[in-house]
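For the single chain, residues carry numbers from 1 onward in sequence order. Quick caveat, the model's predicted, so the values are computed rather than measured.
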Amino acid sequence: MSTSGIAVAHDKETGVAVVTLDRAEKHNAVTLDMARRLAATWREFRYDDTVRAIVVTGAGTRAFCTGIDRSAEVPQPPSPYTIDDPLLTIGPKANDLWKPVVAAVEGMACGGAFYLLGEAEFLVAGEGASFFDPHTTYGMVSAFETIHMAQKMPYGEVARMALMGTAERISARRAYETGLVSELTEPGGALDAARRAAAVIASYPTEAVQGTVRALWSAKEAARAQALAHAPHLVTLGNLAPERQAELFTRRATGFRTR
């Protein structure tokens with residue numbers, strides 16, 4: 001079924017659910033309704049014992065997700081100490097879900113997509129996948145996104161991705177070589193490979209699996225939480241005004257290097 005741009009399929013025989021960002025015509029950009037539905041979906045899975053592992057993916061082959069839909073209007077409070085970010089709760093860990101999540105990536109994954117990828121246990125990608133962070137190009141601080149991906153990428157790789165903006169993209173091959181991607185498939189094969197891995201995990205006792213996920217996250221949780229606490233202030237201080245961001249966006253260059 002598909003609700004608010006989110007499709008959920010559940011194979012009760014294997015115990016694997018597949019959550020699909022279902023806006024292929026918009027590169028699976030996240031609307032406010034989709035953000036709310038994602039949060040609700042993760043929380044619902046906590047109560048469903050027939051779901052023991054989850055795959056998250058994007059519809060089509062052009063993009064996994066390109067972040068928040070640029071048409072979304074998100075008013076910000078006047079205080080520099082607060083920020084409203086609808087993507088903060090689109091990930092499973094933000095909703096206290098400790099069932100394992102595998103991300104299947106085809107096409108582009110950029111910007112706000114990292115809120116989801118950063119909270120997956122591991123990534124499977126088709127050879128045509130690419131990763132980049134456009135924030136700095138358009139006068140925005142990459143804070144939440146960079147913090148999420150710093151848990152999964154070597155420092156130099158995530159720093160280069162964040163600072164080079166739209167001028168560079170990381171190929172699926174490079175992402176595999178540096179550890180961001182755990183399995184590389186033929187183009188279009190990521191979802192099937194992710195399902196197979198998730199089915200193996202779902203076949204094990206869920207209590208032990210969830211405890212292992214929780215233990216893995218506890219290894220980096222303190223540093224991650226501290227970094228995320230700083231993120232709203234960095235965004236407030238460093239982001240250009242929306243009208244200046246829009247101006248940069250209209251003048252954006254179309255060329256990029258893939259490495």
Glu121: which residues meet the side-chain hydrogen bond (donor to acceptor under 3.5 Å, both in side chains) condition with it, sequence neighbours left out?
Lys93, Trp217
Let me check something: do Ile147 and Ile68 share a hydrophobic cluster, defined by ILVMFWY side-chain heavy atoms less than 4.5 Å apart, either directly or through other members?
yes
Correct closest heavy-atom pair for Ala162 and Thr146 would be CB-OG1, 3.6 Å
Salt bridge check, Arg214 against Glu221: does any charged N sit closer than 4.0 Å to a carboxylate O?
yes
Name the atoms and distances for all side-chain donor-acceptor pairs under 3.5 Å in residues 185-195, with sequence neighbours left out.
from, atom 1, to, atom 2, distance (Å)
Thr185, OG1, Ala190, N, 3.2
Asp192, OD1, Arg195, NH1, 3.1

One should read off an interatomic distance between Leu88 CG and Leu228 CG, to the nearest 0.5 angstrom, of 8.5 Å
Start with the C-alpha distance between Met164 and Arg257, add both sets of side-chain angles, then the distance that settles side chain to side chain contact (heavy atoms under 4.5 Å, CB included), and finish with yes or no.
CA-CA 10 Å; Met164 292 296 287; Arg257 172 178 179 261; over 6 Å; no
Output yes when a side-chain donor or acceptor of Ser171 lies under 3.5 Å from a complementary backbone atom of Ser130, and no otherwise.
no
Could you state whether Phe122 and Tyr176 fall into the same hydrophobic cluster, counting links through intermediate Ile, Leu, Val, Met, Phe, Trp or Tyr residues with side-chain heavy atoms under 4.5 angstrom apart?
no
Checking Gln245 side chain against Leu240 main chain: does a donor-acceptor pair fall under 3.5 Å?
yes
If hydrophobic clusters are built by linking Ile, Leu, Val, Met, Phe, Trp and Tyr wherever their side-chain heavy atoms come under 4.5 Å apart, do Val56 and Val8 end up in the same one?
yes
Could you give the distance from CE (Met149) to CD (Glu157), rounded to the nearest 0.5 Å?
11.0 Å
Hydrophobic clustering (ILVMFWY, side-chain heavy atoms < 4.5 Å, transitive) - are Tyr204 and Val102 grouped together?
yes
For Thr166 and Phe256, the nearest pair of non-hydrogen atoms, with its separation, is O-CB, 3.3 Å
Over all atoms of both residues, closest heavy-atom pair of Ala63 and Thr66
CB-CG2, 4.2 Å
Taking CD in Gln226 as the centre, count heavy atoms belonging to other residues, nucleotides or ligands within less than 6.0 Å. Is the count above 12?
no
Within a strict 4.5 Å, meaning less than it, do heavy atoms of the Leu123 and Phe131 side chains meet?
yes
Enter the distance from Leu87:CG to Phe114:CZ here, rounded to the nearest 0.5 Å.
12.5 Å
Measure the spacing between CZ of Arg224 and CD of Gln151 and express it to the nearest 0.5 Å.
6.5 Å
Are the side chains of Thr178 and Met153 in touch, meaning some heavy atoms are under 4.5 Å apart?
no
Tabulate below the donor-acceptor pairs under 3.5 Å that side-chain atoms of residues 12-20 make, not counting sequence neighbours, or state none.
from, atom 1, to, atom 2, distance (Å)
Thr14, OG1, Asp11, O, 3.4
Thr14, OG1, Val16, N, 3.3

Considering all heavy atoms of both residues, which atom of Lys99 and which atom of Phe45 are nearest to each other, and what is their separation?
NZ-O, 2.7 Å
Counting heavy atoms not belonging to Arg244, are there more than 12 under 6.0 Å from its CZ?
no
Run the side chain to side chain contact (heavy atoms under 4.5 Å, CB included) test on Ile170 and Arg259 for me, step by step, so that the C-alpha distance in whole Å, both residues' side-chain angles and the decisive distance to 0.1 Å come before the verdict.
CA-CA 5 Å; Ile170 299 174; Arg259 62 183 186 93; 4.2 Å; yes
How long is the span from the CG atom in Leu117 to the NE2 atom in His148, to the nearest 0.5 Å?
10.5 Å
Can you tell me how far OG1 of Thr57 sits from CG of Leu116, rounded to the nearest 0.5 angstrom?
10.5 Å
With sequence neighbours left out, write down each residue that passes side-chain hydrogen bond (donor to acceptor under 3.5 Å, both in side chains) with Arg23, or none if nothing qualifies.
Asp69
With Glu127, which residues qualify under side-chain hydrogen bond (donor to acceptor under 3.5 Å, both in side chains), at least two apart?
none
Please tell me whether Val181 and Phe132 are part of a single hydrophobic cluster in this structure, the criterion being side-chain heavy atoms less than 4.5 Å apart.
no
For residues 196-203, dump all side-chain donor-acceptor pairs below 3.5 Å to protein atoms at least two apart in sequence or in another chain.
from, atom 1, to, atom 2, distance (Å)
Ser203, OG, Val200, O, 2.6

Test item: Glu119 side-chain N/O and Ala94 main-chain N/O as donor-acceptor pair under 3.5 Å:
yes
Got Arg52 and Val209 here, is their nearest side-chain heavy-atom distance under 4.5 Å?
no
Just one of Asp33, Leu21, Asp22 clears the side chain to side chain contact (heavy atoms under 4.5 Å, CB included) bar with Ile6, so which one?
Leu21
Do Pro232 and Phe144 touch side chain to side chain, with heavy atoms closer than 4.5 Å?
yes
Spell out, as yes or no, whether a donor-acceptor pair under 3.5 Å connects the side chain of Trp42 to the backbone of Ile90.
yes
So, for Ser218 and Ala215, which heavy atoms are closest and what is the spacing to 0.1 Å?
OG-O, 2.6 Å
Would you say Tyr115 and Glu145 make side-chain contact, with heavy atoms under 4.5 Å?
yes
Would the distance check show the side chain of Ser142 and the main-chain N or O of His135 forming a donor-acceptor pair, the cut-off being under 3.5 Å?
no
Nearest heavy-atom pair of Ala35 and Val30: which atoms, and what distance?
N-CG1, 3.7 Å
